[in-house]
Amino acid sequence: MNVFDAVRSKRAIRHFSDRPISDDDLSKMLNAGRWSGSSKNIQPWHFVVLRQRQRLEALSRCGQFAGHLAGATVGVALVTGDWHERWPVAFDLGRAAQNMMLVAHELGIGSVMANIYEIEQANSVLELPPELMCYAAISFGYPVDPDALTRPPRQDGKRPLADVVHWERW
Ligand SMILES: Cc1cc2nc3c(=O)[nH]c(=O)nc-3n(C[C@H](O)[C@H](O)[C@H](O)COP(=O)(O)O)c2cc1C
């Protein structure tokens, strides 16, 4: 799958089958995150990999729409240290997340983000040291319905190009 097709076809997947993710594939996905560009090349991330059902379930209770983590084959918590001091951190974490999800997509593995709102609770689930925090998490797994991986967006799912692109000036 080329990059254009991967970007165009990737959909959020929230229902996962029991098929395991191989260590090889997981390592490709994690490397894709690690290789991402970041502001000043600070690489402000740690990836906490979750496979234990109990911990995935506990993290799924840390965000209003994070329920899908409970059924993920693998969860990756995006952990950072200097969120409050450096505004581009969210941007950097977003790039790492997207790279991981695109490589997963190429491997036939579905994924979706979860915003984490209960920060203290998530930090405790992940047993983080006090200077770190969990910003968001990603669910990964083979989809229950393989066609869901590349299903078309909903009719009104993506804003038209003319609505979002402005040439030279507003
Ligand atoms: C920063 C970010 C946070 C998101 N948080 C959640 C979330 O908490 N729960 C969830 O189910 N989906 C979450 N999503 C997935 C979006 O809902 C999804 O990408 C969007 O509806 C578009 O669907 P598509 O990815 O299939 O095109 C998040 C996506 C992004 C980029």
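Start at 1 and go down the list; that is how both ligands and their atoms are numbered. Quick note: numbers below take in every heavy atom, side chains included, and nothing from hydrogens, waters or symmetry partners. For reference, positions follow the sequence shown, starting with 1.
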Do K10 and ligand 1 have an N or O pair less than 3.5 Å apart?
-> no
Could you check atom 27 (O) of ligand 1 against the protein and tell me its nearest heavy-atom contact, residue, atom and distance included?
-> K158 NZ, 2.8 Å
List every atom of ligand 1 that sits less than 4.0 Å from any heavy atom of R11, numbering the atoms from 1 in the order shown and giving each element.
-> 24 (P), 26 (O), 27 (O)
Write out the residue and atom name of the closest protein heavy atom to atom 1 (C) of ligand 1, then the distance separating them to 0.1 Å.
-> N115 OD1, 4.2 Å
Hey, are K10 and E106 close enough for a salt bridge, meaning a charged N less than 4.0 Å from a carboxylate O?
-> no
Ignoring hydrogens and angles, state whether a donor on the side chain of S36 or N99 is under 3.5 Å from an acceptor on the partner side chain.
-> yes
Going through the distances and angles, do V7 and L102 end up as a side-chain contact (heavy atoms from CB on, under 4.5 Å)?
-> CA-CA 7 Å; V7 170; L102 284 176; 4.1 Å; yes
Atom indices of ligand 1, in the order listed, that fall short of 4.0 Å to a heavy atom of H68 | 9 (N), 10 (C), 11 (O)
With a 4.0 Å cut-off, would you call R51 and D23 a salt bridge?
-> yes
Pair R8 + D5: basic N to acidic O under 4.0 Å | yes
Which option out of M113, Q64, R14 puts a heavy atom nearest to atom 16 (C) of ligand 1?
-> R14
In terms of residue, atom name and distance, what is the protein heavy atom nearest to atom 9 (N) of ligand 1?
-> F65 O, 2.7 Å
Quick one: do the H46 and T80 side chains pair a donor with an acceptor below 3.5 Å?
-> no
Do any nitrogen or oxygen atoms of V112 lie less than 3.5 angstrom from nitrogen or oxygen atoms of ligand 1?
-> no
Do me a favour and list the nearest non-hydrogen protein atom to atom 26 (O) of ligand 1 with residue, atom name and distance?
-> A12 N, 2.7 Å
Do we see a donor-acceptor contact under 3.5 Å between the side chains of N41 and Q43?
-> yes
Judged by non-hydrogen atoms, does A114 sit under 4.0 Å from ligand 1?
-> yes
